[in-house]
Amino acid sequence: MHWFKRKIKNQTALQRRTSYGILAGCIGLGSNLILFVIKVIIGLISGSISIITDAVNNLSDTFSSGLAIIGFKMAGKKPDHDHPYGHERSESIAGFLISIVITFVGLQFVKSSLSQIIAPNVVHMSWPIYVVLVISIGLKLAQVIVYHQIAKEIESETLLATAKDSLNDIYTTIAVLFSAVIQAQTGWQLDGWVGLGVAIYILFSAVSLIRTFISELLGHQPSKQLVENMTHQLVNYDDILGYHDLLIHQYGPNTIFASVHIELDSSWSLDRAHQVTDRIEHDFWHQLRIHLVCHLDPIDINNRKYAKIYEAVQAVVKHYDLGLTTHDFHVEELANEDELIQFDVVVPEEITTSDDELLVSINHDLRQILGDVTAEVTFDHHYMGDDHTLI
């Protein structure tokens with residue numbers, strides 16, 4: 001693996017990811033094809049349905065490796081007119097297709113294993129067949145190690161899924177080997193039952209993988225590590241008052257867009273505020289490779305009247321004891337000298353109270369404290385990370 005790292009050391013992050021993915025696909029393509037041919041031969045010689053089933057599983061892995069190569073190749077394409085955010089989700093599509101193939105193979109295993117249980121065939125085993133099965137286990141274990149190393153290097157869910165499939169193959173072959181030994185010693189017809197157990201295990205694994213890749217394609221919650229990296233970067237800016245409403249959009253591991261509200265002193269000039277946010281966006285791109293857009297949120301930190309209203313808002317929200325937090329606090333003076341209080345409320349996921357119920361309660365309680373005021377509240381439910389807001 002070290003020689004390969006040296007070979008691609010001058011490539012960009014996206015190019016390295018593509019190169020690693022194609023390498024893993026080629027390794028899988030060659031090794032799985034060899035295993036398929038060998039197991040088909042010994043399966044036909046021995047008459048074992050479980051070995052033939054295992055061979056077909058290796059053939060499906062060969063197709064999966066081909067799909068992985070295509071997926072990584074497409075994911076490495078640069079953004080174009082029709083796909084301005086790049087093609088990195090092609091990797092997830094390839095993983096999804098691989099999962100579908102695994103599901104199909106699992107269903108075929110169920111069918112062939114049930115046939116073997118109903119009408120068992122005589123299985124003829126010999127020591128060369130045992131040796132071949134042990135060698136195939138070793139080869140699959142090498143696959144798992146290589147896939148895990150590359151997946152860790154490029155943080156690829158597709159390769160982790162492929163590694164998991166190879167690990168399933170090891171369990172499959174071990175089960176086939178043990179059943180063959182037991183059947184040879186006792187005469188028990190275990191071949192079909194072992195094949196059925198392997199098939200059910202493969203189906204459960206395939207369904208889990210399908211759910212994972214569908215989640216990625218739909219747009220899943222970003223990783224905890226990514227959110228922590230971004231929030232750690234934001235808290236290091238001493239000249240901002242706070243931040244909130246962090247949103248993250250991922251179009252692949254290397255294509256990340258985000259937006260955040262940055263709280264600044266309202267007495268600043270527009271040019272100064274722009275310089276600060278521009279520096280933050282610049283740092284995010286060059287240090288984290290994230291396209292960040294900052295929204296300016298000016299705060300009047302010296303207005304005592306607004307401070308009093310804010311204290312009332314906090315008292316009301318905390319009184320509900322629901323874990324609610326607020327940000328984006330503004331007060332607008334209306335023509336009739338009434339006040340329109342505007343703020344956002346972050347609602348934890350476990351809260352079942354509706355937004356409408358909360359709005360009515362907040363307005364009622366604020367009027368009890370402040371008189372004839374109106375609260376205009378925006379309820380937030382799906383922002384990432386913790387808010388670090390001055391208000």
Side-chain angles (χ1 to χ4, degrees), residues 1-4 7 19-73 94-95 97-106 108-109 112-113 123-151 156 158-181 191 194-195 198-199 201-202 205-206 209:
M1 195 64 68
H2 293 292
W3 67 269
F4 190 75
K7 181 179 179 182
S19 298
Y20 270 120
I22 292 175
L23 172 65
C26 289
I27 291 173
L29 193 66
S31 57
N32 286 319
L33 190 58
I34 292 171
L35 286 172
F36 166 69
V37 173
I38 292 174
K39 288 182 181 178
V40 162
I41 292 173
I42 64 173
L44 292 174
I45 293 174
S46 64
S48 171
I49 185 64
S50 60
I51 294 178
I52 294 175
T53 300
D54 199 15
V56 176
N57 186 27
N58 290 136
L59 180 61
S60 74
D61 291 341
T62 304
F63 293 139
S64 298
S65 297
L67 286 173
I69 294 173
I70 296 171
F72 277 104
K73 190 69 176 177
L97 293 176
I98 290 171
S99 303
I100 295 295
V101 171
I102 296 172
T103 304
F104 175 76
V105 170
Q108 292 298 110
F109 286 178
S112 57
S113 298
V123 178
H124 305 282
M125 302 295 290
S126 59
W127 71 264
I129 294 176
Y130 294 131
V131 171
V132 170
L133 290 176
V134 171
I135 291 174
S136 70
I137 291 172
L139 188 55
K140 273 294 178 180
L141 183 60
Q143 276 187 8
V144 172
I145 294 172
V146 171
Y147 288 152
H148 266 292
Q149 286 180 342
I150 298 178
S156 170
T158 297
L159 287 183
L160 284 176
T162 307
K164 186 173 183 179
D165 186 35
S166 294
L167 191 60
N168 291 342
D169 294 343
I170 292 176
Y171 298 147
T172 300
T173 307
I174 289 175
V176 169
L177 181 60
F178 272 102
S179 71
V181 172
D191 194 49
V194 171
V198 169
Y201 180 79
I202 289 173
S205 299
L209 293 174

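Below, all heavy atoms of this structure are taken into account, side chains as well, without hydrogens, waters or symmetry copies.
Smallest separation of non-hydrogen atoms from G28 and Y147: CA-OH, 2.9 Å. Taking both residues in full, the closest heavy atoms of T103 and A206 are given as OG1-CB, 3.2 Å, listed atom of the first, atom of the second, then distance.
Applying the salt bridge (Lys or Arg N to Asp or Glu O under 4.0 Å) test to residues at least two apart or on different chains, the pairs with a partner in residues 132-145 are D61-K140, K140-D169. Pairs of residues two or more places apart, or lying in two chains, never qualify as salt bridge (Lys or Arg N to Asp or Glu O under 4.0 Å) while including a residue from residues 21-32.
In this structure, L133 and I42 have side chains that are in contact, with non-hydrogen atoms separated by less than 4.5 Å. At a threshold of 4.5 Å between non-hydrogen side-chain atoms, the residues I41 and I45 count as touching.
Partners of S136 by side-chain hydrogen bond (donor to acceptor under 3.5 Å, both in side chains), not counting sequence neighbours: none found. Applying the side-chain hydrogen bond (donor to acceptor under 3.5 Å, both in side chains) criterion to S31, with sequence neighbours excluded, gives Q143. Partners of I100 according to the side chain to side chain contact (heavy atoms under 4.5 Å, CB included) rule, which considers only residues two or more places apart in sequence or in another chain, are F96, I210.
For the atom pair CD1 of I22 and CD1 of I27, the computed distance is 12.5 Å after rounding to the nearest 0.5 Å. Rounding to the nearest 0.5 Å gives a distance of 11.0 Å between CG of L167 and CD1 of I145.
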Would you mind writing out the side-chain donor-acceptor pairs for residues 33-40 within the sub-3.5 Å range, not counting sequence neighbours?
{"unit_1": "K39", "atom_1": "NZ", "unit_2": "D54", "atom_2": "OD2", "d": "2.9"}
{"unit_1": "K39", "atom_1": "NZ", "unit_2": "N58", "atom_2": "OD1", "d": "3.0"}
{"unit_1": "K39", "atom_1": "NZ", "unit_2": "T173", "atom_2": "OG1", "d": "3.2"}

